[in-house]
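Right, one structure below, let's go through it.
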Amino acid sequence: MDTERFLTPQQLASWQDDGFLVVPDAFSADACEALRARALDMVDGFAAGVNSTVFDTTDQQHGSDEYFLTSGDKIRFFVEEGARNGAGELVGSGDEVINKIGHAMHDLDGTFSDFSRAEPIARSARQIGFHDPRLLQSMYIFKSPRIGGEVSWHTDHTFLWTEPQSVVGFWVAIDDATVENGCMWAIPGGHRQPVRQRFRRSDAGTVMDVLDPTELDTSEAVPLEAPRGTLILLNGSLPHASPPNTSAKPRHAFTLHVIEGSALYPDDNWLRRSSEMPLRGFSD
Ligand code: FE2
């Protein structure tokens with residue numbers, strides 16, 4: 001595959017105009033199924049562990065905040081709301097209650113590392129202008145039938161702040177994502193609007209700073225339907241969202257967030273890594 005030809009000039013122009021780009025057939029069905037199988041294996045192990053552990057419900061909120069805030073360099077499991085009973089046990093099987101796995105599988109698991117560093121992502125990152133791409137965050141999102149929750153309108157820069165803004169999301173459909181099962185929606189050209197919020201660490205835990213109180217106009221939003229294997233690139237300043245999955249079909253997806261190595265990464269970003277696990281690129 002020639003680097004210069006992975007994304008066409010027309011695709012690069014539409015990336016610039018829209019702030020997103022939908023690239024069909026970037027990953028094979030086999031590659032998608034291998035990632036799904038690995039994710040389901042991980043969730044099986046997690047569910048077995050949870051249900052054999054006594055869970056302290058009095059400290060549940062604090063515990064879950066800490067679990068999230070220390071997950072930047074780990075493989076951790078986040079369940080849907082209402083997934084635990086009073087004893088802390090899961091109310092369904094792992095794949096029925098899981099929301100996502102995050103946030104460092106790309107460095108800690110061979111299958112996820114290979115998928116994250118595959119040519120469609122690495123080459124498109126170069127083509128859209130990364131000089132020193134650093135792989136910051138990976139997530140495997142389940143959006144399971146009937147219980148997969150909504151992701152409200154946001155920009156990724158809000159959560160993964162760099163100066164200057166550099167984060168790009170690389171999203172891969174592991175199942176066909178349609179309007180019916182809660183595909184992503186985005187506002188074409190919305191990346192040219194100022195980012196309205198910043199989520200960061202604070203003395204109290206975390207805080208959402210309001211940088212611009214203007215309400216987001218979502219009237220021009222379009223659905224980004226994506227057959228399995230489709231890669232979607234998202235500018236970090238682009239508002240996007242996805243509704244709940246009320247259908248009977250799963251909507252698994254993988255996301256990798258990449259930042260520019262030369263950009264400032266503030267200490268108060270929520271996602272932190274231990275000094276023993278520095279960010280890596282696509283080939284180092
Ligand atoms: Fe996002």
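The chain is numbered in sequence order, starting from 1. Order of appearance sets the numbers: ligands from 1, and atoms from 1 within every ligand.
- Salt-bridge check for Arg198 with Asp212: failed, with every basic side-chain N at 4.0 Å or more from each acidic carboxylate O.
- Counting only protein atoms, the N, O or S atoms lying less than 2.8 Å from the Fe ion (ligand 1) are His154 NE2, Asp156 OD1, His240 NE2, ordered by chain and residue number.
- Electrostatic pairing of Arg38 and Asp109 counts as a salt bridge here, judged by a charged N lying under 4.0 Å from a carboxylate O.
- A salt bridge does not link Asp209 to Arg196: none of the charged side-chain nitrogens sits closer than 4.0 Å to a carboxylate oxygen.
- For the residue pair Ser116/Ser113, the side-chain donor-acceptor check at 3.5 Å is not satisfied.
- Side chain to side chain, Ser28 and Asp30 fail the donor-acceptor criterion of an N or O pair below 3.5 Å.
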Sequence neighbours left out, cut at 3.5 Å: what donor-acceptor pairs do the side chains of residues 141-149 make with other protein atoms?
unit_1 : atom_1 : unit_2 : atom_2 : d
Lys143 : NZ     : Gly149 : O      : 2.6
Lys143 : NZ     : Ser242 : OG     : 3.2
Lys143 : NZ     : Pro243 : O      : 2.8
Ser144 : OG     : Asp95  : O      : 3.1

